[in-house]
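The block underneath contains the structure these notes are about, expressed in structure tokens.
Note on naming: letters A, B, ... go to the chains in the order of the sequence lines (proteins, then strands), and numbering restarts at 1 for each one.
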Number of protein chains: 2
Amino acid sequence: MNLTEGREKFIQTWGTLGSNWGINRAMAQIHALLLISPNALSAEEIMEELKISRGNANMNVRALMDWGLVFKVLKAGERREFFYAEKDMWKVAMQVVKERRKRELEPIIGTIRELKKIKDESVSGKQFETTIHDLDSVITKADKTIELLIKADENWFMNNFLKILMK
Amino acid sequence: MNLTEGREKFIQTWGTLGSNWGINRAMAQIHALLLISPNALSAEEIMEELKISRGNANMNVRALMDWGLVFKVLKAGERREFFYAEKDMWKVAMQVVKERRKRELEPIIGTIRELKKIKDESVSGKQFETTIHDLDSVITKADKTIELLIKADENWFMNNFLKILMK
DNA sequence: AAATACTTTCAAAAACTATTGAAACTTTAA
DNA sequence: TTAAAGTTTCAATAGTTTTTGAAAGTATTT
């Protein structure tokens, strides 16, 4: 496999992986392309390389910026905008974890807190209570673990501690 | 909010959450329904409760069984099959983590190993090499962490250790 | 062995999601 | 101020995924 084929394969694989995680193909592919591009690319270049329309490119580049994974770069003497992906993979992973936490964990924690208030003495009510209670405890634990992970990122000791743990 | 509304809301929320994670709505809703049902339900009851067709119910119940989240239950003197969800939320979370690891992490680790072999001295080639190398290191770390988590589940000491860490 | 009760399959339809491309908008340079 | 260069939006279209429902299949009972 040569470089061109490898790049192609990487873009395809990242795109497929994305769709398993509720991220659309174009968005994941643009991300992949920017990850392996040594320099920032213009909208035009992205469109060309991935064979997608201007609107599609624009929309998904903006989504990637919302996720904090891609940044606008302005080049001196150039009118158009260029896009550059965060290349530090640990940061990328952290950013994704943080965003998904905010977008998904937080709302569900809210809903569960509401559902916890329901009291009902029937068998069905008892099972509901148990399920919601257990779910709350698992989700709260997951949330705390993510917090720990985010803190580790900002804290030298924790970081090293986790590195040893994961070796 | 009364029990009926609460059950409804839980099923809806779980369904929505599922679609953000590449799991179809019906599958997630059936799972939610079974989680809060004190006893095993028949295909008929699932169809009725969620207002879905027989085919749809059947297909997704089977998918849930593939994921190891739902089991068939046979009742004495009953011809039809009943379905019961694993209720231990820690086990549910573990099962999902294990399955996604198998279905997604493992294939991507394979692809990355292949892409690592590509050597190319151009700037583009250098960036490709760096990105793939870093990605490999992050994914390998994530994989090891998941392994640790799965082991913790099977090992008293690790389990308690992690519990303390997550407190 | 035929009727009954239930499960599974699968092609077609419906629902949903992503993509296009042209028009509107914004910024810059002459 | 106007033309040129570039960006954004959005309604229409294309593409994908899910759902339906009827038909085929399987097991159980009489």
(message) Does the Lys NZ or Arg CZ of A/Arg100 fall within the cation-pi geometry relative to A/Trp67 - under 6.0 Å from the ring centre and within 45° of the axis?
(response) no

(message) Nearest whole Å is fine: how far is D/dT7 P from A/Asn60 CG?
(response) 16 Å

(request) Mind checking A/Arg62 for me? I need base, sugar-phosphate or nothing, with any heavy atom below 4.0 Å counting as a touch. (result) sugar-phosphate

(message) Measure CG/A/Asn58 against P/C/dT20 and give the value in whole Å, please.
(response) 13 Å

(message) Just to be sure I understand the rule, does B/Glu81 reach a base, reach only the sugar-phosphate, or reach nothing, if contact means heavy atoms closer than 4.0 Å?
(response) sugar-phosphate

(request) Look at the aromatic rings of B/His31 and B/Trp14 and report parallel, tilted or perpendicular, splitting at 30° and 60°. (result) tilted

(message) Without decimals, in angstroms, what is the distance between B/Met47 CE and C/dA5 P?
(response) 16 Å

(request) Check the distance between D/dT16's P and B/Arg25's CZ and give it to me in whole angstrom. (result) 21 Å

(message) Salt bridge check, B/Asp120 against B/Lys126: does any charged N sit closer than 4.0 Å to a carboxylate O?
(response) no

(message) Just to be sure I understand the rule, does A/Asn24 reach a base, reach only the sugar-phosphate, or reach nothing, if contact means heavy atoms closer than 4.0 Å?
(response) sugar-phosphate

(request) May I have the distance from A/Arg80 (atom CZ) to D/dA5 (atom P), rounded to whole angstrom? (result) 12 Å

(message) Classify A/Arg79 by what it touches in the nucleic acid, base, sugar-phosphate, or nothing, heavy-atom distance under 4.0 Å.
(response) base

(request) Using a cut-off of strictly less than 4.0 Å, decide whether A/Asn56 has a side-chain nitrogen or oxygen near OP1 or OP2 of C/dT20. (result) yes

(request) May I have the distance from B/Arg54 (atom CZ) to D/dG25 (atom P), rounded to whole angstrom? (result) 18 Å

